[in-house]
J.: 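Take a look at this one; I'll ask things after.
Reckoned from all heavy atoms, side chains included, excluding hydrogens, waters and symmetry mates. Reminder, nothing fancy here: chain letters follow the sequence lines and each chain counts from 1.
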Protein chains: 2
Amino acid sequence: MDPGCTCELCELRELFFDKLEGAHLDIVCSGRVEKTFGKGETIIKEGTLIRDFIYLKSGLVKLYRTDNAGKEQIITIAKPYDYISLLSVFSNDRYQYSVTALEDSVTCNLDMKDVRKMAGENGSLALNLLKHMSRVADKIILDSLDIRKKHLRGRVAYLLVFFSQNVYLSPEFDLPLSRKEMADYVGMTTENVIRTLSEFRRDGILKIYGKTIRIVNMDTLKSVAEFG
Amino acid sequence: MDPGCTCELCELRELFFDKLEGAHLDIVCSGRVEKTFGKGETIIKEGTLIRDFIYLKSGLVKLYRTDNAGKEQIITIAKPYDYISLLSVFSNDRYQYSVTALEDSVTCNLDMKDVRKMAGENGSLALNLLKHMSRVADKIILDSLDIRKKHLRGRVAYLLVFFSQNVYLSPEFDLPLSRKEMADYVGMTTENVIRTLSEFRRDGILKIYGKTIRIVNMDTLKSVAEFG
DNA sequence: TATCATATGTGATTTGTTTCACAACAGGTC
DNA sequence: GACCTGTTGTGAAACAAATCACATATGATA
């Protein structure tokens with residue numbers, strides 16, 4: 001094994017490469033490339049050829065599509081463990097969506113050919129990939145159905161609860177999205193996102209300092225997220 | 001090989017089981033069960049344990065979720081080659097959605113344990129499964145984003161074009177969905193589906209005889225589907 | 001520091017969609 | 001045939017959300 005390989009220290013190792021040994025471990029260790037992206041930088045551009053198998057080691061990213069009118073539709077927000085470039089990669093030549101860093105992020109990239117080869121030779125790796133792709137796809141589909149049936153207040157509340165509870169684990173956090181991006185995610189206009197946030201502020205549910213949000217009344221916000 | 005096995009005649013064989021041989025082929029041949037469902041019958045019920053790996057041999061089905069208020073949200077409509085119970089099956093114990101036959105349908109069922117075992121032992125089968133899951137998930141996600149950004153007229157037009165061009169391959173066909181189900185699919189109310197259909201009729205885009213639809217002006221309908 | 005572009009914020013108006021109320025019709029069943 | 005129950009159909013009123021118009025901040029840059 002390559003003595004310089006640090007994969008055995010990788011927190012994400014068990015996600016896929018738990019059972020690797022011998023030649024396969026070498027492929028991963030010597031073939032992988034880490035890349036760093038600053039906030040706002042593009043990691044994947046819609047329409048480009050898929051060459052790498054990419055997963056997120058740290059940071060936060062958005063997956064989105066741009067329609068012919070230039071309007072962005074955010075598909076999902078993903079953090080490490082969530083995001084792996086699984087959508088499309090086994091069925092398509094080209095990416096069907098773009099990925100941009102919402103916070104400074106680090107990805108680990110492997111050659112797609114190697115991953116395909118290993119998946120074909122190593123059953124437990126293949127099953128791991130199936131499990132993860134299934135999980136990612138389910139989450140995106142079910143979340144999207146959830147959002148779709150909510151009204152504006154419910155959608156904004158849902159987003160805030162998501163950031164607070166799933167990403168930052170704190171009632172106070174800096175929004176990684178602009179108001180416009182929030183609108184792109186939940187399918188409403190920028191003005192209405194702003195208006196809804198102001199409403200929540202007036203209702204005493206939260207405090208707003210620019211991008212910084214402090215959730216004062218989490219219970220109310222959660223119930224708006226669920227039933228609104 | 002079991003002399004009674006007819007898998008080699010199955011039109012869907014190459015979807016997954018192209019490269020099977022020996023013991024694996026036996027597992028498929030002797031373990032598979034075909035089931036027939038009449039129009040309206042439930043094939044999979046949300047929340048039940050996933051035991052089988054199921055794919056559609058013939059017919060047409062809807063995948064949907066029922067929310068706590070009892071309202072159905074249709075996730076997708078699938079025909080043979082589209083539908084395989086891939087969503088969830090590798091990541092979950094239980095189905096996250098229900099499946100009901102829209103037309104008389106036949107499924108081929110395999111024991112999930114066998115499929116998992118074979119995928120772990122046969123690389124090309126695993127890659128096939130990855131490819132199909134990826135394709136199915138992509139389609140559902142991208143279609144759903146497409147629908148979301150359309151207005152009512154565009155959504156109804158999209159549905160009609162889908163049935164005409166992707167399912168029945170004819171400008172005249174019997175709608176397999178009630179007005180209410182169409183509404184559940186595209187996320188609008190039954191009344192508005194009916195109203196929109198009436199509008200299309202008044203505009204001379206189509207003729208309606210109950211469930212039978214005849215598209216008179218396909219070009220207009222398509223452009224409504226795309227831009228409306 | 002001045003300037004520009006972009007993001008945030010608010011109100012009034014218009015549009016799109018749902019809700020409600022009701023009628024006509026079809027298919028099953030007693 | 002008479003009676004349900006559910007589906008289809010239409011219109012008017014109520015509501016939600018988008019659009020438009022404008023003001024104010026913020027951040028980058030010359």
J.: Determine whether A:F200 and A:V224 make a side-chain contact, defined as any pair of heavy atoms from C-beta on separated by less than 4.5 Å.
T.: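 Touching, per the 4.5 Å side-chain cut-off.
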J.: Measure CG/B:L177 against P/D:dT7 and give the value in whole Å, please.
T.: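 It is 13 Å, rounded to the nearest whole Å.
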J.: Pick one: which of A:K71, A:R155, A:R179 meets salt bridge (Lys or Arg N to Asp or Glu O under 4.0 Å) with A:D184?
T.: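 Single pass found, and it is A:K71.
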J.: Please find the earliest and latest nucleotides of DNA chain C, in the 5' to 3' direction, that have an atom within less than 4.0 Å of any heavy atom of chain A.
T.: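 Range of nucleotides within reach of chain A: C:dT8 to C:dA12.
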J.: In terms of side-chain geometry, is the basic nitrogen of B:R148 or B:D143 positioned less than 4.0 Å from the acidic oxygen of its partner?
T.: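 Not counted as a salt bridge, because no side-chain N and carboxylate O are separated by less than 4.0 Å.
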J.: Once you round it to whole Å, what is the distance between C1' of D:dT8 and NZ of B:K180?
T.: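 The answer, rounded to whole Å, is 14 Å.
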J.: Tell me what B:R155 touches on the nucleic acid: a base, only sugar-phosphate, or nothing, going by heavy atoms under 4.0 Å.
T.: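 Here B:R155 touches no strand at all.
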J.: Check A:A137 against B:A137 and note the closest heavy-atom contact, atom names and distance.
T.: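 Heavy-atom minimum between the residues: CB-CB, 3.5 Å.
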J.: So A:M112 and A:F53, do their side chains get closer than 4.5 Å, heavy atoms only?
T.: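 Yes - at least one pair of side-chain heavy atoms lies under 4.5 Å apart.
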J.: Could you run down nucleotides 11-29 of chain D 5' to 3' and tag each one B, S or - for protein heavy-atom contact under 4.0 Å?
T.: BB----SBBB---------
J.: Please identify which of these residues, A:K180, A:K62, A:R65, meets the salt bridge (Lys or Arg N to Asp or Glu O under 4.0 Å) condition with A:E72.
T.: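 Exactly one candidate clears the test, A:K62.
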J.: Does the side chain of A:Y64 pick up a donor-acceptor pair with the side chain of A:T100 at under 3.5 Å?
T.: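 Result is yes, a qualifying pair exists.
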J.: With a 4.0 Å cut-off on heavy atoms, is A:S198 in touch with a base, just the backbone sugar-phosphate, or nothing at all?
T.: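 The residue A:S198 makes sugar-phosphate contact but no base contact.
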J.: Could you give the CZ-to-C1' distance, from B:F200 to D:dG9, as a whole number of Å?
T.: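 About 16 Å, once rounded to whole Å.
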J.: At their closest point, which heavy atom of A:L177 faces which heavy atom of A:F163, and how far apart are they?
T.: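 Looking at all heavy atoms of both residues, the shortest contact is CD1-CZ, 3.7 Å.
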J.: For a quick check under 3.5 Å, do B:S85 and B:Y55 share a side-chain donor-acceptor pair by atom type?
T.: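 There is no such pair between these side chains.
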J.: Evaluate the side-chain proximity of B:D52 to B:V89: yes if any heavy-atom separation is below 4.5 Å, no if none is.
T.: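 B:V89 does not reach B:D52 side chain to side chain.
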J.: Can you tell whether the side chains of B:D219 and B:K222 come within less than 4.0 Å, N to carboxylate O?
T.: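 Salt bridge: no.
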J.: Atom pairs under 3.5 Å, N or O on each side, protein against nucleotides 4-6 of chain D: can you list them with distances?
T.:
none

